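See structure below.
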Amino acid sequence: MKKLLQKFQQELSQLNPSPNGDCIESEFAIKRFQKKFQIPLEGNDHVLHMEAWDTFLSTDLGLNLPSRVDGLWYKVRRDLHSLDYRLPESIDFPKGSEFIATRGANSLEARLARSVWTVTHDCFDSFCDIVYSHKALKRAFRERYNRWYQKQDFDMSRRSSEYFLWNNLKNPFDIFKWKLARVCQFEHGSRFSTVPKNNTNRRPINIECFGNMVVQKRIGDCFRELVKEHYGNDLSILQDVHKTRLADDRISTIDLKNASDSINLDLVRFLFPKSIFKIICESRSEMILGPDGSYHYLKKVSSMGNGFTFELMTLILTSLCRVLDPNSSVYGDDIIIDNSVAPRLIQALEDVGFQVNREKSFINSKFRESCGGNFHDDVGYIESYDFKWPESIHDCITFYNKARNLSRYPFFMDIVTRLDKVIPSALRGPDSGFYRPLGLEVSNNRSDALGGFFRQGSTDSLKKFSKERKEIATRYHYDTDSVVIHYGFRFTPSLRTPLLKGLIRKHHWAKYEMYLASGMVTKDTLSSTGRWDSIVLCTIEGRTSTLASLLL
């Protein structure tokens with residue numbers, strides 16, 4: 001597959017960089033292609049990283065709440081003070097890296113047994129409460145404390161040490177808290193990092209401490225539930241709702257720049273009850289470790305990477321928008337609001353430091369976009385995609401299938417024709433039905449959507465599977481001609497530890513807790529590490545399954 005990847009990259013490096021569309025739909029799809037598709041440049045990562053750091057700091061230094069704010073914010077304050085804030089009993093573990101880099105070891109088993117439990121001093125008490133009441137975390141704490149104790153050179157037995165702690169602290173929880181402090185690593189805040197955005201920019205993120213993220217996600221779940229209960233917006237489905245609402249020409253769509261880095265701590269202090277502000281402050285990182293090796297104080301509440309940033313931003317902006325329009329809705333920094341009050345909203349947002357992205361905001365416009373959806377009154381929903389430079393066989397398949405979906409436009413038809421020449425016949429599959437929400441972007445991570453196989457409309461079945469083809473047709477009552485057997489690809493993640501079905505050893509305790517949490521035997525994998533393996537697929541009337549599953 002390496003040779004195919006090289007041929008793809010060679011063909012794509014010769015594309016015309018400045019095509020023109022012949023209609024609204026093609027022009028938009030081509031502009032989106034031009035904006036995102038770039039041949040990677042080597043050797044400038046450090047420069048872009050430092051530029052992102054400078055921008056991050058300058059944005060934070062510019063956050064100042066005026067002495068007098070727009071009167072709408074007082075109504076938001078009254079609204080937010082009236083809410084019933086309840087922290088949920090359940091907790092979620094972080095999905096990504098931590099202050100001490102996990103290097104892909106992000107499974108529940110790794111969180112319990114391997115990762116360094118970092119936490120800020122202010123957040124330790126809240127983290128302690130969670131660990132004390134959570135079965136898996138408490139078990140992990142015991143294992144970690146046992147390891148810590150065994151490494152110490154104490155002149156007393158373990159039993160004597162327990163008596164010593166009891167005699168001095170007198171309280172079981174205080175003893176637990178003292179022990180937990182021995183197995184935690186205290187930090188002053190989060191760690192600055194960036195991820196690629198394009199050849200000229202990197203996106204800043206904050207990598208938080210493990211303990212802080214556990215506490216933050218609990219607060220985020222509280223805010224998420226309030227948005228659902230009080231405002232009727234379910235964030236788990238709101239993206240699709242926004243795409244549907246785009247067809248209404250009475251709405252405006254407002255987008256913000258650097259919204260997650262623009263929430264001033266003073267604004268949160270002004271808007272929320274003291275008890276909630278205290279919880280937010282204790283769990284946030286008041287400082288960030290920069291690439292210069294020094295810690296820097298922050299004026300913002302938090303950035304992307306914090307466990308409640310998205311939900312906090314959504315809650316604040318939803319409350320503001322509802323003051324102006326009872327039918328408005330907000331998903332992160334994507335705002336939908338009535339045309340008549342959109343200018344008033346922008347005034348209130350800019351009054352407290354938010355920056356409106358004028359290029360991606362549309363008021364009284366025939367065109368509207370939100371949550372990846374694009375709509376024009378003259379043509380309806382516009383199908384378009386982000387195209388990125390392929391780095392794997394999966395990227396090649398996704399790129400090709402996106403271009404083929406848009407091949408009704410000459411520019412994308414030229415791309416398809418160019419790539420058709422390098423795709424082996426054995427890898428060519430049929431067109432297969434897949435979910436395309438309102439003709440818009442489909443997640444690259446869904447193998448059943450765009451990344452499973454090259455969808456070339458081929459009806460030729462692999463000859464060496466002719467026997468299996470006939471068996472499937474007979475077993476499932478289809479005509480043989482409607483059964484197409486072809487190759488595809490499936491991602492096989494790398495394992496951090498072996499998959500075990502019989503957990504008979506004591507040191508398998510973390511794997512046992514991971515199995516309990518998932519309700520099944522599950523793999524302890526390394527995030528974003530693995531390989532794409534060739535598999536045999538069978539497509540029947542637009543539905544695709546693995547050949548092996550149909551022959552069971």
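All figures in this text were calculated on a predicted structure; none of them were measured in a lab.
- Within the 3.5 Å criterion, the main-chain N or O of Ile540 finds no donor-acceptor partner in the side chain of Tyr476.
- Using a 3.5 Å distance cut-off with no hydrogens or angles, the side chains of His486 and Ser458 do not pair a donor with an acceptor.
- More than 12 heavy atoms of other shown residues, nucleotides or ligands fall within 6.0 angstrom of atom CZ in Arg428.
- Side-chain contact of Asn339 with Ser252: a donor-acceptor pair under 3.5 Å is present, judged by distance alone.
- In this structure, Tyr487 has its ring center no closer than 6.0 Å to that of Phe454.
- For the 3.5 Å distance criterion, the side chains of Ser285 and Glu208 qualify, holding a donor opposite an acceptor.
- Cation-pi geometry between Lys36 and Tyr385 is not satisfied (NZ or CZ under 6.0 Å from the ring centre, within 45° of the ring normal).
- With no hydrogens or angles considered, a side-chain donor-acceptor pair links Ser384 and Arg32 at under 3.5 Å.
- Under a cut-off of 6.0 angstrom, the local environment of NZ in Lys464 is sparse, with at most 12 non-hydrogen atoms contributed by other residues, nucleotides or ligands.
- For the residue pair Ser329/Arg245, the side-chain donor-acceptor check at 3.5 Å is satisfied.
- Under the 4.5 Å side-chain criterion, counting only non-hydrogen atoms from C-beta, Asn201 is not in contact with Leu48.
- Nearest heavy-atom pair, Asn357 versus Ser361, reported as atom, atom and distance to 0.1 Å: O-OG, 2.8 Å.
- Taking all atoms of both residues into account, the shortest heavy-atom contact from Ala105 to Ala110 is O-CB, 3.5 Å.
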With ring-ring contact (aromatic ring centres under 6.0 Å, His included) as the test, would you mind laying out the steps for Phe491 and Trp532 before giving the verdict? CA-CA 4 Å; Phe491 185 72; Trp532 285 93; 5.3 Å; yes
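- Nearest heavy-atom pair across Val330 and Asn233 is N-ND2, 4.2 Å.
- What you find for Ser527 and Asn106 is that their closest heavy atoms are OG-ND2, 3.1 Å.
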For a ring-ring contact (aromatic ring centres under 6.0 Å, His included) check, start with the C-alpha distance between Phe310 and Phe223, then their side-chain angles and the critical distance, and finish with the verdict. CA-CA 9 Å; Phe310 174 81; Phe223 293 159; over 10 Å; no
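- Among Gln239, His242, Lys243, Lys360, the single residue meeting the side-chain hydrogen bond (donor to acceptor under 3.5 Å, both in side chains) criterion with Ser370 is His242.
- With a 4.5 Å cut-off on side-chain heavy atoms, Leu345 and Leu320 count as touching.
- In the model, Thr546 has a side-chain atom that pairs as donor or acceptor with a side-chain atom of Ser549 under 3.5 Å.
- Surrounding CD of Glu359 are at most 12 heavy atoms belonging to other residues, nucleotides or ligands under 6.0 Å away.
- Side-chain contact between Ile337 and Asn327: absent, with no pair of heavy atoms (C-beta onward) separated by less than 4.5 Å.
- Between Phe367 and Leu246 the shortest side-chain heavy-atom distance does not fall below 4.5 Å.
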Verdict with reasoning, Arg111 to Glu98, per salt bridge (charged side-chain N to carboxylate O under 4.0 Å, His left out): CA-CA 10 Å; Arg111 303 286 189 194; Glu98 304 166 9; 2.3 Å; yes
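- Considering every non-hydrogen atom in both His49 and Pro291, the closest pair reads NE2-CB, 4.0 Å.
- Side chain to side chain, Thr492 and Asp533 meet the donor-acceptor criterion of an N or O pair below 3.5 Å.
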Could you walk me through whether Lys257 and Asp333 pass the salt bridge (charged side-chain N to carboxylate O under 4.0 Å, His left out) test, one step at a time? CA-CA 8 Å; Lys257 293 181 181 178; Asp333 64 347; over 6 Å; no
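- The two atoms that bring Ala517 and Leu108 nearest to each other are CB-CD2, 3.5 Å, heavy atoms only.
- Remark: of the listed residues Thr309, Asp221, Asp92, Asn306, Asn306 is the sole one forming a side-chain contact (heavy atoms from CB on, under 4.5 Å) with Gln216.
- Between His296 and Phe192, the ring center distance fails the sub-6.0 Å criterion.
- For the pair Ile415/Phe399, a side-chain contact is recorded, criterion being any heavy-atom separation below 4.5 Å from C-beta on.
- Residues Asn264 and Val301 form no side-chain contact, since every pair of their non-hydrogen atoms from C-beta on lies 4.5 Å or further apart.
- With no hydrogens or angles considered, no side-chain donor-acceptor pair links Ser115 and Thr102 at under 3.5 Å.
- Note: Phe387 and Phe412 meet the aromatic proximity criterion, with ring centroids under 6.0 Å apart.
- Figure legend: cation-pi geometry between Arg404 and Tyr400 absent, as NZ or CZ is not positioned both under 6.0 Å from the six-membered ring centre and within 45° of its axis.
- Side-chain contact of Thr544 with Thr539: a donor-acceptor pair under 3.5 Å is present, judged by distance alone.
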Show, in sequence, the C-alpha distance, side-chain angles and deciding distance for Glu25 and Lys31, and conclude whether the salt bridge (charged side-chain N to carboxylate O under 4.0 Å, His left out) test is met. CA-CA 10 Å; Glu25 305 98 297; Lys31 283 184 177 179; over 6 Å; no
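- Judged by distance alone, the side chain of Arg368 and the main-chain N or O of Phe362 form no donor-acceptor pair under 3.5 Å.
- Within a 6.0 Å radius of CZ in Arg475, other residues, nucleotides and ligands contribute more than 12 heavy atoms.
- Between Ser107 and Asp524, the side chains place a donor N or O and an acceptor N or O closer than 3.5 Å (distance only, hydrogens not considered).
- Side-chain atoms of Arg455 never come within 3.5 Å of backbone atoms of Gly429 as a donor-acceptor pair (strictly under, hydrogens ignored).
- The side-chain heavy atoms of Ile254 and Ile346, taken from C-beta on, include a pair separated by under 4.5 Å.
- The shortest distance between side-chain heavy atoms of Lys421 and Lys7 does not fall below 4.5 Å.
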